[in-house]
Amino acid sequence: MNFSLPLPEIRHDKAGFEALVCLHGQAKDCFFDNIDVDMSATSWFDADMCAAFGAILYRLSKNLNTVKLTNVEKNVVSILSKNGFMSSYGREKIPDRWGTTIPYQRFDVKDDRYFAGYIENKFMQRSEIPVMSPGLQKKFREGIFEIFSNAVLHSQTEMGIFSCGQFFPKRDRLDFSVADLGIGIRRNVKENAGLDLAPEDAIIWATEGCNTTKRGQIPGGLGLKLLCQFIDLNEGCIQIVSDAGYWKREKRKTFTARLSQPFPGTVVSVEINTADKQSYALTYELSETDIF
Amino acid sequence: MSKNLELSIFEVVGSPLCVASSDGQKVYDRIMTALSKKRNVALSFGNITALTSAFLNAAIGQLYGTFSEEEIRSLLNVRDMQQDDIALLKRVVETAKQYFKDPQKFDRAVRETMEDDNDGSQD
């Protein structure tokens with residue numbers, strides 16, 4: 001069968017995620033079908049949202065569907081070709097003249113070290129990157145690594161981890177997203193902590209206190225908390241979508257909502273304030289002899 | 001035969017980026033063998049530019065599942081760490097102590113936190 005599914009503009013916000021989960025909801029049961037994503041109404045696409053979009057399309061193509069992007073507007077083709085997203089859909093990658101993209105890429109869960117190299121080479125070591133203080137640069141890089149590690153350790157995905165980023169020089173903002181096609185936070189909390197929570201409550205649970213779904217010999221439960229603390233200090237923003245839960249933290253306030261359909265995994269999306277001049281140096285002295 | 005083991009994390013991982021839990025496991029395996037033989041371990045973080053909690057949990061946090069706090073305190077030393085990395089390692093260590101001290105108590109604490117959250121953290 002042939003399906004034509006319309007996609008509205010996709011911004012880095014709740015409405016953007018809602019549009020993506022609706023797309024997934026309409027096509028998730030397709031098998032051996034032709035799926036055309038009609039992008040004639042997609043007048044804008046925030047580049048980092050390619051991580052979540054790419055994850056959804058990958059899942060649909062895994063069901064042996066032929067997925068095509070149709071009627072893509074010129075400016076959107078340009079955005080999605082610069083970061084390499086369109087390369088999976090028949091278009092050539094075009095040069096990123098201003099150097100503001102962190103390319104779209106899919107990783108396997110065993111690719112932690114490759115991911116670290118990707119962040120270093122495709123972003124941190126490029127001359128075009130925003131001038132960030134050394135403290136912020138270190139915190140940003142570690143925050144991104146924490147997101148990826150979190151997906152590796154908790155998602156149980158067999159279909160990979162997707163990432164993409166975009167720098168907005170005029171706004172002093174850098175958006176970066178990591179999406180996985182794993183079991184999601186709600187199911188993870190249910191299976192490992194025995195708590196049957198609403199999807200958005202499961203995200204709250206995973207981001208607070210000493211909570212962890214980690215079991216076994218290696219402890220866990222710090223990655224998302226560290227990331228949230230950094231975002232609070234940086235005055236940036238973090239959004240998490242998992243199952244049908246939407247969670248956002250900005251200006252030290254948390255907002256949650258329920259999406260109309262579940263995302264088939266988890267997306268963690270951060271917006272970093274690159275004009276942040278904090279040193280991130282500790283205000284007190286810690287000793288190496290007083291750790292254990 | 002030396003009683004002390006000097007371990008360079010950079011040498012074990014082969015990179016300044018200590019990100020992967022699997023790399024942390026390689027560090028853990030060496031420390032664990034040395035501590036089992038009651039050897040002192042001096043762990044150098046020299047030239048390391050990025051650390052994650054996932055790496056440190058695997059490399060050091062899980063030691064608390066095998067050794068007592070006293071054993072770790074007396075045999076394991078770290079050096080060449082930046083201040084914010086010491087802060088991260090301290091948090092990993094405190095979390096690991098809680099995690100292994102009493103798993104049932106840990107789970108209980110988790111549930112209590114959730115009940116507190118349900119009192120209204122959404123806006």
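Labels below follow one simple rule: chain letters A, B, ... track the order of the sequence lines, proteins then strands, and each chain is numbered from 1.
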Problem set entry | Under 4.5 Å from a heavy atom of chain A, the part of B/V93 involved | side chain
Problem set entry | Side-chain heavy atoms of A/T289 within contact of B/N77, under 4.5 Å | no
Problem set entry | Heavy-atom contact with chain A under 4.5 Å, split by part of B/L76 | both
Exercise. NZ of A/K190: more than 12 outside heavy atoms within 6.0 angstrom?
Worked result: no
For this session: Step through the shown structure and confirm whether more than 12 heavy atoms of other residues, nucleotides or ligands are within 6.0 Å of NZ on A/K14.
Result: no
Exercise. In terms of heavy-atom contacts, does CD of A/Q261 have more than 12 from other residues, nucleotides or ligands at under 6.0 Å?
Worked result: yes
Exercise. B/F55 versus chain A, heavy atoms under 4.5 Å apart: side chain, backbone, both or neither?
Worked result: neither
For this session: In sequence, state the C-alpha distance, the side-chain angles, and the governing distance for B/R73 and A/D290, and then conclude on salt bridge (charged side-chain N to carboxylate O under 4.0 Å, His left out).
Result: CA-CA 9 Å; B/R73 207 175 294 132; A/D290 184 29; over 6 Å; no
Exercise. Got a donor-acceptor contact below 3.5 angstrom from the B/E69 side chain to the A/F292 backbone?
Worked result: no
Exercise. Mind checking whether A/Q217 and B/N57 have side chains closer than 4.5 Å, heavy atoms only?
Worked result: no
Exercise. Which answer fits B/D23, side chain, backbone, both or neither, if we ask what part of it has an atom under 4.5 Å from a heavy atom of chain A?
Worked result: side chain
Exercise. How long is the gap from CZ on A/R141 to OG1 on B/T49, to the nearest 0.5 Å?
Worked result: 4.5 Å
Exercise. Going from OG1 on B/T52 to CG on A/N150, what distance comes out if it is rounded to the nearest 0.5 angstrom?
Worked result: 10.0 Å
Exercise. Considering only heavy atoms, which portion of B/I86 lies under 4.5 Å from any heavy atom of chain A: side chain, backbone, both, or neither?
Worked result: both
For this session: Heavy-atom distances under 4.5 Å only: say whether A/L286 touches chain B with side chain, backbone, both or neither.
Result: both
For this session: For A/E142 and B/L51, work out which heavy atoms get closest and say how close.
Result: OE2-N, 3.1 Å
Problem set entry | Heavy-atom proximity to chain A below 4.5 Å, by part of B/E70 | neither
Exercise. Between B/E94, B/Q83, B/R91, which has the largest tally of heavy atom pairs under 4.5 Å with chain A?
Worked result: B/Q83
Exercise. Is chain B contacted by the side chain of A/I291, its backbone, both, or neither, given a heavy-atom distance below 4.5 Å?
Worked result: both
Problem set entry | Closest non-hydrogen atom pair between B/V19 and A/A116, with its separation | CG2-CB, 4.1 Å
Seminar exercise, completed: So, the part of A/K110 with a heavy atom under 4.5 Å from chain B: the answer is neither
Exercise. Will you find, in the side chains of A/E146 and B/S53, an N or O donor that is under 3.5 Å from an N or O acceptor?
Worked result: yes
Problem set entry | Contact summary for B/S15 and A/R113, nearest pair of heavy atoms | CB-NH2, 3.8 Å
Exercise. Nearest heavy-atom pair of B/M81 and A/E288: which atoms, and what distance?
Worked result: N-OE2, 2.7 Å
For this session: With the side chain counted from C-beta on, respond yes when A/L153 and B/S21 share a heavy-atom pair under 4.5 Å apart, and no when they do not.
Result: yes
Exercise. How close do A/K138 and B/D84 get, heavy atom to heavy atom, and via which atoms?
Worked result: NZ-OD2, 3.0 Å
For this session: Among the options B/L88, B/V13, B/I60, pick out the one with the most heavy-atom pairs lying under 4.5 Å from chain A.
Result: B/V13
